[in-house]
2 protein chains.
Amino acid sequence: MTLFLSKTLNKIDNKSRVSVPSTFRSALKNQSFNGIIAFPSYSDRCIDSCGINRMELIAQNLDETENYSKAEFDLISLCFGEAEKLPFDKEGRIILPKNLIEHSGIKDEALFVGLGPTFQIWEPKTFDQNKILTLKKAKEKNLKPRLKPIPKGV
Amino acid sequence: MTLFLSKTLNKIDNKSRVSVPSTFRSALKNQSFNGIIAFPSYSDRCIDSCGINRMELIAQNLDETENYSKAEFDLISLCFGEAEKLPFDKEGRIILPKNLIEHSGIKDEALFVGLGPTFQIWEPKTFDQNKILTLKKAKEKNLKPRLKPIPKGV
DNA sequence: TAAAATTCCATGTAATACCATATAAATATT
DNA sequence: AATATTTATATGGTATTACATGGAATTTTA
């Protein structure tokens, strides 16, 4: 299974190129497209990313499931339009499209954050602010990190 | 698997020619017909498109399985009747037929929007309006885009 | 033979492939 | 254990190619 872990901070040059951390690259090694899929996060000021295999799974599911309302279907469909296929160059870099740079507020550095089956790309400052906010909310609600029981069949 | 992602805005010349985005073209590279299948969307003011392979698959399913309701069967039949085979010229362009231009309200620009296994072609303004509407409806119904593959057995 | 459709060719721009170097990590050597 | 050597990774810049697009030439068909 593809697993993205840990954080990496890389620079962006004036052509909007960033090196994808080599650990992430090697996690994607066996997929049918040599690069990443990236789209604006629905809930945060960052870029959501994954490999093509996950995207194919989502597409297939959407195609085969009959229980979506038109409103649901249209909403999910919008995501495919926002998603960008970003191939690696020979050096393992991608080019960040304008719209994703704008959405994330990224300037000259990009923070890659592993989330397991997916990862995110953040403007470092925004990530820090968000982290503080998350911890604050957790404290207010007295939340503690825990594992939920794993559903059967997964 | 054929996946259409992201959006591209291309111009239409006075002969109704449009360049199909090269990413879409390469997604269709290995199909038996070098071009796209296009038909008026039954629910939106846009053009629905895909590769010939998907049409063949649907036709085959229609023939072999009992999984379609009468209503579904009739809808698919309608689509087949209105579907146009639009071949690429040497430069990767297609010619948009009059009826599709009229149905979509396209004038001098065409917005190609990836939907995963299919894609759509929109008049840019119409797409923007429709997007706003989709997001509004989603908000009303408290929907959030499900970008997770649904685990089997759940 | 005129009109329409298709194929062919030309060009500016933007994307990407290529090469060179710097930095960091890993391994080997003393 | 400290240092040297090698390897892998990240980064910067240049050259080349591909793409979208406009128009001309050729073929088709009405």
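Every value quoted in this text rests on a predicted model; they were computed, and no experiment measured them. Naming: A, B, ... by sequence-line order, numbering from 1 per chain.
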Can you run down the ring-ring contact (aromatic ring centres under 6.0 Å, His included) pairs that involve residues 41-100 of chain B, sequence neighbours left out, and say none if there aren't any?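 Non-adjacent pairs meeting ring-ring contact (aromatic ring centres under 6.0 Å, His included): zero.
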Of all pairs that satisfy ring-ring contact (aromatic ring centres under 6.0 Å, His included), the ones with a partner from residues 94-136 of chain A, not counting sequence neighbours: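 Passing the test, one end in residues 94-136 of chain A: A:Phe4-A:Phe119, A:Phe24-A:Phe119, A:Trp122-A:Phe127.
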Quick one: A:Phe24 CZ to D:dA8 P, roughly how many Å, whole number?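 Answer to the nearest Å: 21 Å.
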Hey, could you give me each pair passing salt bridge (charged side-chain N to carboxylate O under 4.0 Å, His left out) that has a residue in residues 97-120 of chain B? Not counting sequence neighbours.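 Salt bridge (charged side-chain N to carboxylate O under 4.0 Å, His left out) check on residues 97-120 of chain B returns no pairs.
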According to side chain to side chain contact (heavy atoms under 4.5 Å, CB included), who are the partners of B:Pro97, at least two apart in sequence or on a separate chain?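 Checked B:Pro97 against side chain to side chain contact (heavy atoms under 4.5 Å, CB included); matches are B:Glu84, B:Leu86, B:Asn99, B:Leu100.
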If the condition is side chain to side chain contact (heavy atoms under 4.5 Å, CB included), which residues does A:Leu143 pass it with, not counting sequence neighbours?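 Per chain and number, A:Leu143 pairs via side chain to side chain contact (heavy atoms under 4.5 Å, CB included) with A:Ala138, A:Lys141.
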Determine to 10° how strongly the helix from C:dT1-D:dA30 to C:dT30-D:dA1 is bent, judged from the axes of its five-pair ends.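 Inter-axis angle at the termini of the helix from C:dT1-D:dA30 to C:dT30-D:dA1: 40°.
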Residues forming a side chain to side chain donor-acceptor pair (under 3.5 Å) with A:Arg54, sequence neighbours excluded: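 Expected list: none.
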The criterion is side chain to side chain donor-acceptor pair (under 3.5 Å); which residues satisfy it with B:Lys144, sequence neighbours excluded?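 Partners of B:Lys144 under the side chain to side chain donor-acceptor pair (under 3.5 Å) test: none.
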Quick one, which residues of residues 97-125 of chain A touch DNA chain C with a heavy atom under 4.0 Å?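 Listed by number, there are none.
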Sequence-distant partners of A:Phe33, ring pair (Phe, Tyr, Trp, His ring centres under 6.0 Å), two or more places apart: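 Listed in chain order: nothing, the list is empty.
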Side chain to side chain donor-acceptor pair (under 3.5 Å) between A:Thr2 and A:Gln31, worked out: CA-CA 10 Å; A:Thr2 314; A:Gln31 306 218 353; 3.3 Å; yes
Using a strict heavy-atom distance below 4.0 Å, which residues from residues 31-39 of chain B are in contact with DNA chain D?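 Correct list: empty, so none.
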How would you summarise protein contacts on nucleotides 9-14 of chain D per nucleotide, using B for base, S for sugar-phosphate only and - for none, with heavy-atom distances below 4.0 Å? SSBBBB
